[in-house]
Structure formats: C-alpha cells, structure tokens
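Since the structure is predicted, the reported quantities are computational estimates derived from the model, not experimental observations.
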Protein chains: 2
Amino acid sequence: MSTREEIIQLGDHLIREKGFNAFSFYDISKRLKIKNASVHYHFPTKSDLGQSILKNQTGKLEELIERTKQMDPVKKLNEFLSIYNKIKSEGRVCLVGSLATDLNTVDAKMQKDLKAFAARTLEWVTHILEEGRQQNVFSFTTSARTKALLIITNMLAALQLSRLTGEKDFYTIRQTILKELKA
Amino acid sequence: MSTREEIIQLGDHLIREKGFNAFSFYDISKRLKIKNASVHYHFPTKSDLGQSILKNQTGKLEELIERTKQMDPVKKLNEFLSIYNKIKSEGRVCLVGSLATDLNTVDAKMQKDLKAFAARTLEWVTHILEEGRQQNVFSFTTSARTKALLIITNMLAALQLSRLTGEKDFYTIRQTILKELKA
DNA sequence: GTCTATATTCCGATAGAC
DNA sequence: GTCTATCGGAATATAGAC
C-alpha cells in the first residue's frame, strides 16, 4: 500500500475511533514513522485528507454495490449489516455518525462529500428493501425508504449506544432488525 | 441564572452543536463576556465542566421522570420524544450521541457519568414501553428493553443522519415509531 | 517524497492582584 | 468572583534542503 493510501486508511480509523477534531497529523506521522511535513505533502490541509477519506469510502461502497449486484436481497442486506459488524469488532463507530456530530466544524467540501456518501448509502439500502419486498422475502408496512432510514439509524446508533450500555446490545439490535423484516 | 449555571448550559449547547473537542473555554468566555480565567474558576478542568453538564442533564431527566409519573404511557412516550424534537429544532444532536463518538478522548469520570445517563434513559423508556404494553396501548414483539434500544437508536441517529439526508427525515422516523407502536 | 526547522495560532491551565 | 498576564504544550501549516 502506498504512503498516501496508508494515511487515508489510518485517518479513517482515527476519525471513527476518536473523532475528526481529536486526531492530529502527528498521530498519523507517528504511526507511519514519517514526519508531519510528509503527511502535509500528500494532504496539504486536514480537510483535503477528510475529503479523500470520504471519497475512498464512497468508492468502497460502489464496489460493494457492484460486487453484490447478482445476490439475492437477503444476502445483500447481510453484506450491508456486515459493515457495522466489522466496525463494532474494532470498537469504532461509523464514518457518517462520527462526522455528522462534527458537521458544523468541517468545511463545505467535506460536508458535501459526507452528504453524498450518506445519500448513496440510503439509496442502496432502499433498493435492497424494495427488491426484497417484491420477491416476498422482506415484509414491512412503510415505504422502502422509510424502512431504510429506520434500519440505518438503528445500526449507526447501535455502534454508539452500545459503547455505553454494553456491547451485546449491538448484536441484539442487529438480530431484531433481521427478525422483524422476515416475511 | 448564576454564571456557573450559564456556563453549564452553554457548554451543553456547544457539545451538541460542535462536539466536546471542538469547543473551547474561549468560546464560553466570549459568549458570556467574562474571561477565560473566570470559567476556570468555576470549572478547573474541561472534564470538570463535562461532568457537571452530564450531572445536570441526569438531574433534568430525573425531574422529567418524576413530573410525568402520573401520566399514561402514551403521554410519557410523547414527553420522551419531545426531547429530541427540541434538540432538532435547535439543529443540534443529543448529548449521548455526541459524547459516545468522543468516548475515547474523555477521562474515566466523564465516561462513567455518560454511561450512567445512557443507562437511566434506557431504563426509563423500557419502563414506559412495559407499562404501555400491559395497558394494551402499545404493541411490540420483542422485550421492552430491546424495543427501547430500537426507539432510542432511531431517535439518536435521526438527529445525526437528518443533518445529511434532509431535516424532514427526522419527522418521518419519529412518526413511524409511533405508528408501529400503536396497539 | 521525505526531511529539518520554524511560523503561527490556539488551547487548557495557573499565579497573583483586585 | 473576576481580572491581567503568562506558561507550556499541541495543532495546522509552510519554507527550503536533500
């Protein structure tokens, strides 16, 4: 992995571990055993780094959407929920949740990229649910978009709340979502 | 309101507007037209202020629980959900969500107070749901605690996500929770 | 592309006068 | 309880050598 890619990955981890305003370029330079100035060579400003992290995650999301295109809706939803399981296993929170709380402290470019990432995620989950309902494997009474909002908010906040009330609450929430969706 | 109380309220607003690590004692001194040193007189460290903010919110929660003790479960739940409406109208997020993402950057005392606040909230909502089910005004298939987890995560993350996907999504989520709970 | 060195700003915190 | 003044440290960022 190139230095640039390593910085992006590490920055991503730090945002989801400590928050955007709590990590510094020094945290990154220390871990990668390079100097502060070298990080600035790749990303002149912290916002540049933030934007690249968001673009990277958006790209990963598009890859996942493409890779799962031929799967059935149940598998697709499992792939989506697995994202949160991975994050939980690392003790972190998700990018959208972390940056949404910091929204008023980042510049317009990062805000735009973040909104695009959230919108694309919502669009994908909505599509999965719609497809699942048509194939009679999912059952719910609201619009697909509203159900997607409910599931995403459950998972996003499950990562955060279970840090406080106990890690097993995360898995309780995850399982209940699947149970209630079954046709 | 005493200076001390004003600092607590302003600090609370700033945490939910920008995050704990993004606001400074200067933000507070500027707004209250006092000096940095005066804020430190009331709260020697930032953690002291954070703890007082959490204690204050916990006290307010206990007051609300006490004040609504004689109400029926539907009204109690409405009182709970109204907390989030107030926060949404201010464009902020909730204390639990904001501080949960910053958990790894605050000291053990703040972590403990935050966990106590989250636990008490969960306990109260669980009680409301249990009572509502017994009186046949609420219907749900999980345990009351699990349903409370689902509702709290929906509302907590609705504040955050609707900053990105559109404010009306907050109200969609709120309404759907009530609709699905109706017996 | 990475380094040394440094500029600048900001932040949390404290000493001591009033 | 509030002030002036200041310390020490950390953060973002840049200039210029290698």
Side-chain angles (χ1 to χ4, degrees), chain A residues 1-54 56 98-99 101-111 113-114, chain B residues 1-54 56 98-99 101-111 113-114:
Chain A
M1 197 161 34
S2 69
T3 301
R4 185 191 153 86
E5 288 168 322
E6 284 195 307
I7 294 170
I8 288 174
Q9 193 187 75
L10 188 49
D12 180 291
H13 283 185
L14 287 165
I15 289 174
R16 296 185 291 101
E17 191 172 301
K18 305 168 58 174
F20 187 74
N21 292 304
F23 88 90
S24 71
F25 275 37
Y26 176 69
D27 290 331
I28 289 173
S29 64
K30 186 176 48 180
R31 270 281 293 274
L32 298 185
K33 286 167 184 161
I34 56 178
K35 298 297 165 184
N36 170 302
S38 300
V39 183
H40 275 285
Y41 165 78
H42 294 283
F43 304 98
T45 71
K46 201 175 181 181
S47 172
D48 289 326
L49 174 55
Q51 291 166 56
S52 291
I53 290 166
L54 282 161
N56 182 58
S98 180
L99 290 175
T101 66
D102 295 337
L103 190 71
N104 295 325
T105 73
V106 302
D107 67 13
K109 287 179 182 177
M110 276 190 68
Q111 289 184 9
D113 291 343
L114 179 59
Chain B
M1 195 158 39
S2 69
T3 301
R4 186 191 152 85
E5 288 169 322
E6 285 195 305
I7 294 170
I8 289 174
Q9 193 186 76
L10 187 49
D12 182 291
H13 283 184
L14 286 165
I15 289 175
R16 295 185 292 99
E17 192 171 300
K18 305 169 58 174
F20 187 73
N21 293 305
F23 88 90
S24 70
F25 276 38
Y26 176 69
D27 290 330
I28 290 174
S29 65
K30 185 177 49 181
R31 269 283 292 274
L32 299 184
K33 285 168 185 159
I34 57 178
K35 298 297 165 183
N36 171 299
S38 300
V39 182
H40 276 284
Y41 165 77
H42 294 283
F43 304 97
T45 70
K46 202 175 180 181
S47 171
D48 289 325
L49 175 54
Q51 291 168 55
S52 291
I53 289 166
L54 282 161
N56 182 58
S98 180
L99 290 175
T101 66
D102 294 337
L103 190 72
N104 295 325
T105 72
V106 302
D107 67 14
K109 286 179 181 177
M110 276 190 68
Q111 289 184 10
D113 291 343
L114 178 59

Criterion side chain to side chain contact (heavy atoms under 4.5 Å, CB included) on A:S52 and A:R4, from CA distance to verdict: CA-CA 10 Å; A:S52 291; A:R4 185 191 153 86; 3.6 Å; yes
Stepwise side chain to side chain contact (heavy atoms under 4.5 Å, CB included) test for A:I7 and A:L10: CA-CA 5 Å; A:I7 294 170; A:L10 188 49; 5.9 Å; no
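Residue B:K30 contributes atom NZ, which lies 20 Å from atom C1' of D:dT2 at whole-angstrom precision. B:I28 places its CD1 atom 12 Å from the C1' atom of C:dG12, with the value rounded to the nearest Å. When the C1' atom of C:dG1 is taken as reference, atom CZ of A:F43 falls 13 Å away, rounded to whole Å. Per the geometry, NE2 belonging to A:H42 stands 17 Å off C1' belonging to D:dT12, to the nearest Å. One can place CG of B:L49 at 15 Å from P of C:dC11, the figure rounded to the nearest angstrom.
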Contact letters for nucleotides 3-11 of chain D, in which S counts primed atoms plus P, OP1 and OP2 and B counts the base, heavy atoms under 4.0 Å: BB------S
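With 3.5 Å as the limit, one finds no donor-acceptor pair spanning the side chains of B:T105 and B:D102. B:D107 and B:S47 share a side-chain donor-acceptor pair at under 3.5 Å. For A:T3 and A:E6, the side-chain atoms include no donor-acceptor pair closer than 3.5 Å.
Distances shorter than 4.0 Å separate none of the side-chain N or O atoms of B:H40 from OP1 or OP2 on C:dC11. Taking side-chain N and O atoms only, B:Y41 has no distance below 4.0 Å to OP1 or OP2 of D:dT2. Between C:dT2 and A:T3, a contact under 4.0 Å exists linking OP1 or OP2 to a side-chain N or O.
In this structure, B:K46 forms a cation-pi arrangement with B:F20, its terminal cationic atom sitting closer than 6.0 Å to the ring centre and no more than 45° off the ring axis.
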